[in-house]
Structure formats: C-alpha cells, structure tokens
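What follows is one structure encoded as structure tokens, with my remarks underneath.
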Number of protein chains: 2
Amino acid sequence: MTDDAGARTTVTQRAIEEIKTRIAMGEFTPGQRLPTERDLAADLGLSRSSMREAIRALTVMGVLEARHGAGIYVTQLQPGDLLETFGVVAEISRGDTLLHLVQVRKILEPAAAAAAAARIDDEGLARLRAEMTAMERGANAEEIVGHDLEFHRIITEAAGNPVLSAILGGLNSRTFRARVWRGYREEGVFARTYREHDAIYRALVERDPDGARVAAAVHIGAVEEWARRQQEEEE
Amino acid sequence: MTDDAGARTTVTQRAIEEIKTRIAMGEFTPGQRLPTERDLAADLGLSRSSMREAIRALTVMGVLEARHGAGIYVTQLQPGDLLETFGVVAEISRGDTLLHLVQVRKILEPAAAAAAAARIDDEGLARLRAEMTAMERGANAEEIVGHDLEFHRIITEAAGNPVLSAILGGLNSRTFRARVWRGYREEGVFARTYREHDAIYRALVERDPDGARVAAAVHIGAVEEWARRQQEEEE
DNA sequence: GACGGAGAGTGGTCGTACCAATTTTCAGTA
DNA sequence: TACTGAAAATTGGTACGACCACTCTCCGTC
C-alpha cells in the first residue's frame, strides 16, 4: 500500500503469489499443514481478512485446503486438485465455446481410448460392462448420465495420465452431460449411444488401440453434431 | 449457518455457487456490471467480508473481475478467462505430473498443428518466420523462451479453437518453458529445436496437416524425453 | 463545449468481537 | 499407570464497523 511495484496490485494478490512461489520452490510441501491464518498474515504483512481472501482463492484453485478448527493444508497438488475449477468452463459455456470444448474432447478422448486399449485390466473391463448394463436399466436421465459419466471416467483413468483425467473430468462435467442428454430429443439416441459404447468396449477387450481410437472419435462426433446444432440455434 | 443442507459448507461457498448459477442461467451476462459488494451481500444474506471472499474466488476463477472504485463485472466468460488458473498445474508440478502434462501436450499440439495447416493465413506464416528469426538472434534464455512461446502460440491460435488455445496456453506457461530451457544442458539443442520448428513451419506453408502433425509430435517428443529424465532424477 | 475540482460511491484493507469445529490438556477413575 | 471424558485452548468462519484508495459523476468556470 505504501509501495507499489509499478503495477497496481492488491496485498491479497501478492499473498497468493507468495504462497504459490513457496510451494513451487518446495518450501511448502504436498500435504503439509501451514502456519495459522493469523501467523501467515503476520508473516506476509497483511491483515487476517486479506489473508483469508488469499487463502480462499488458493482453496478454490485446489492448492490449499482449509479445515475448520484444524488448520490450513497444502493439497497433494495432484492434477485432480489443481484442475478442480476446470469444470467451470463446461458449466458456463454455450454456443461457440461449447462446440470448441467438444472439439477438444474429440482430440483427447480417442487418444485416451487408444492408451486404455493397451493398459486396461480385467477389472476395468468388468466395470465398463457393468456401467453399460446399468445404463440400459437406468430409470431416468440422471441415472443414465451418472453411468455414462462413469463409463468415460473408467476409460480415461485406464489411460494412466492424471492430467488427462483431470482435463477430461472437467470437460465431462455432470452439468454439461445432463445438458447434452436433455438436448437429445430424437428417438433412437440411446440405442446409438449404447452401440457406440459397445464398439469402444469391444476394441478395449481386443486390445486394439486404433480400433478404440476410431470408435471414440465416432462417439464424440455425435456429441459434436449436437453442439453444432446448439450453436446454430443460438445464432 | 442456521440451516445446514446436510453437507458441511460455508456461506461463502454458497455465494460462489449462487453467482455461478445465475451466470449459467443467463441472469448475469458476459461483461455485465453486478450489484455492489454491499448489495450482493445483502441480497445473498451474508456479510460483506464473506461476500468479498466469494468474489475473490470467482475473480481467480476468471468468472468475475473487480475494478477498484468502479464495480464488479462478469468477464466475457471466454475460455481464456475461465482457464486462467489452468497454468498453476504447470507452475507447480514436478516429477510424474510434469511428464503427464507433456504427454497431454503430445496429444494436443499435433492436432493443433494439423488444424493450423488448414487454416493459417499468410500473415500468420510471416509471424512464425519472424519468431524463428528472433529466436536465432536471441541474446539470452529469457528472450529465446519468449519467442519459443510465441511460435507455439501463433500456431495454436491459427487452429481456431479458443478452448484448445487456453489449455495449451496453460500447459505452455512461461515458467514451465523456462524450466525446460534451463534443463537443456546438452550442446546442439538449440539447433535441433530450430530444425524442428522449421519442419513444422514448412508443413504449414505446404498446407500439409499430416506433415504438421508429425513434425509437432517429433518436437514434443524431445520435450517428453526431457521430462522423463526429470522424473528419473527425482526418484 | 471543455476542463478541473469536489463529492459521492465503490472496491480494498484493517481490526475487533464472536461463533463453530477441532485439538489438546487435565482431572478422575479403574 | 492407562484410559476416558470434559473443559480449555486453538483455529477456521462470520459479521461488523471504520477508514483508505480509486473511479465516476456532476457542477462551476473559462
């Protein structure tokens, strides 16, 4: 406040950057309990209120976790933590961005399916089978969405890249998924989806990366068609 | 505080969700000025301090922007806004996650290069040429890093998908890039990088999507080798 | 009409008091 | 001595009020 470093910034933003830097430099490590809010505020030279704002920001970013009465902890800093807010883009976007988002999925999901074809174990395959069955039996859209999500999540996990999982997890948020299912008004869409899931599943069973890649691309292609229609309706 | 919805949450978190919902439902629109902090707090039934924490969180998420003395605004909600914190994963990660991050780039950058081959205009090509020249003339690592980043950014922009641009923007953060360049200790690495950039550039000039895809994959493959060595050294 | 200054409004910061959840300490009992 | 339960202390969460720093609007003057 007395001294501005040329750029107009806030003490809270400075505290955010300082904590991030200390983490990046290894001074604060994954899972570590930090000093108390009060001590951090004193250490970094700002009020407790402003420090709380910084902590809230870092919490939302997945860097810190506040436990009421117990202290402030650095998260494990896993991609799942750090990309927690990634889903907001899927929740909020419409029109153009929705389409662009699906097009990114069209790049990533075939690659994930190909990697999964090489790596998925028998338990993973059994769980995929179970999700497909549960989807068939689904009583309502919400249940179907849940199993649809789980089907994709199992494949993505099997690909073995947590960054990829976190990104696809965000792109595949429940809210977004429910929008897609609600947007499917034509008859026969469930049957087609089931067939597409089955094609992916069979390629995984055969350990056929290219087959899985193509099947996933066809499947996402249908979602892309939907998103393109959404975009056109909004114009 | 008087009424908990089963799950233990905070009034601040509730306010965050409420604002997000109002945006997703179209009640608050891109670029709109929101009611004042004081009014929002009264409207949502919490204190101004807690409301400020919520606003800070939404600001860091790229959903809102606070202008000192002028009010709180909804951002344009573009992918570049909403994925602003995406870069934290690149800034903080090391070891395994660094490698996984590069592997995601290895999926996305070839796809971006292929799309760019179909779409880039003459101006884009000229700018790529200029960045390659500037990189050759770079006086120090920082300058080289800047032009390296810009080279990749031009290609990604030319692909025409803002979600993809934002993701690769985050994966390609300056901090991360500087780490890679600092990690390059062998001789000849600059020359190889230049050759790889040139191969990408030539494929773009030829409007050859597959050529661009392969050239980009080779280029990222080298970064992957570096990340793999980083991981092994840390074990 | 243009410019400058004053006042009002609004975000940013600080400090204090108190509440809500967790952890630690202490006393009592077996 | 060890264990348990209650009380005290600690720590995050919330609210409030005062004041500072910045922006915007309005009004007066040239």
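Each chain gets a letter, A, B and so on, in the order its sequence line appears, and its residues count up from 1. Being a predicted model, the structure only gives us computed values, none of them experimental.
- A donor-acceptor contact under 3.5 Å is formed by the side chain of Ser49(A) with the base of dG15(C).
- Side-chain contact between Ile72(A) and Leu58(A) is absent, with no heavy-atom pair separated by less than 4.5 Å.
- Residue whose closest nucleotide on DNA chain C sits further toward the 5' end, between Arg67(B) and Leu46(A): Arg67(B).
- Across all strands shown, Ile72(B) has heavy atoms under 4.0 Å from sugar-phosphate atoms exclusively, and none from any base.
- For Tyr73(A) and Ala66(B), each mapped to the nucleotide of DNA chain C holding its nearest heavy atom, the one lying further toward the 5' end belongs to Ala66(B).
- Closest to the side chain of Arg33(A), from the set dC24(D), dT11(D), dG12(C), is dT11(D).
- Here the closest non-hydrogen pair linking Pro30(A) and Leu77(A) is CG-CD1, 3.9 Å.
- Regarding Glu65(A), its CD atom lies at a distance of 13 Å from the P atom of dG12(D), rounded to whole Å.
- No donor-acceptor distance shorter than 3.5 angstrom exists from the side chain of Thr29(B) to the backbone of Gln32(B), with no hydrogens or angles considered.
- Here the side chain of Ser47(B) is nearest to one of dG12(D), dC16(D), dT13(C), namely dC16(D).
- Closest contact between the side chain of Arg48(B) and the listed nucleotides dT14(D), dC24(D), dG12(C) involves dG12(C).
- Here the side chain of Glu37(B) is nearest to one of dT23(C), dG11(C), dT14(D), namely dG11(C).
- At most 12 heavy atoms of other shown residues, nucleotides or ligands fall within 6.0 angstrom of atom CD in Glu142(B).
- When distances are taken from the side chain of Ser50(B) to each of dG13(D), dA21(D), dA15(D), the shortest belongs to dA15(D).
- The base of dG11(C) sits with one of its N or O atoms less than 3.5 Å from a complementary donor or acceptor on the side chain of Arg38(B).
- Arg52(B) places its CZ atom 14 Å from the C1' atom of dC16(D), with the value rounded to the nearest Å.
- Remark: P of dG12(D) and CZ of Arg56(A) are 13 Å apart, rounded to the nearest angstrom.
- Between Leu44(A) atom CG and dC14(C) atom P the separation is 11 Å, expressed in whole Å.
- Between the CD1 atom of Ile16(A) and the P atom of dG12(C) there is a distance of 12 Å, given to the nearest Å.
- To the nearest angstrom, P of dT13(C) lies 8 Å from NE2 of His68(B).
- In terms of position on DNA chain D, the residue among Gly69(B) and Thr36(A) whose nearest nucleotide sits closer to the 5' end is Thr36(A).
- Using cut-offs of 30° and 60° on the angle between ring planes, the pair His152(B) and His219(B) is parallel.
- What separates CE of Met51(B) from P of dG11(C) is a distance of 10 Å, to the nearest Å.
- With rounding to whole Å, Arg14(B) atom CZ is found 12 Å from dT14(D) atom C1'.
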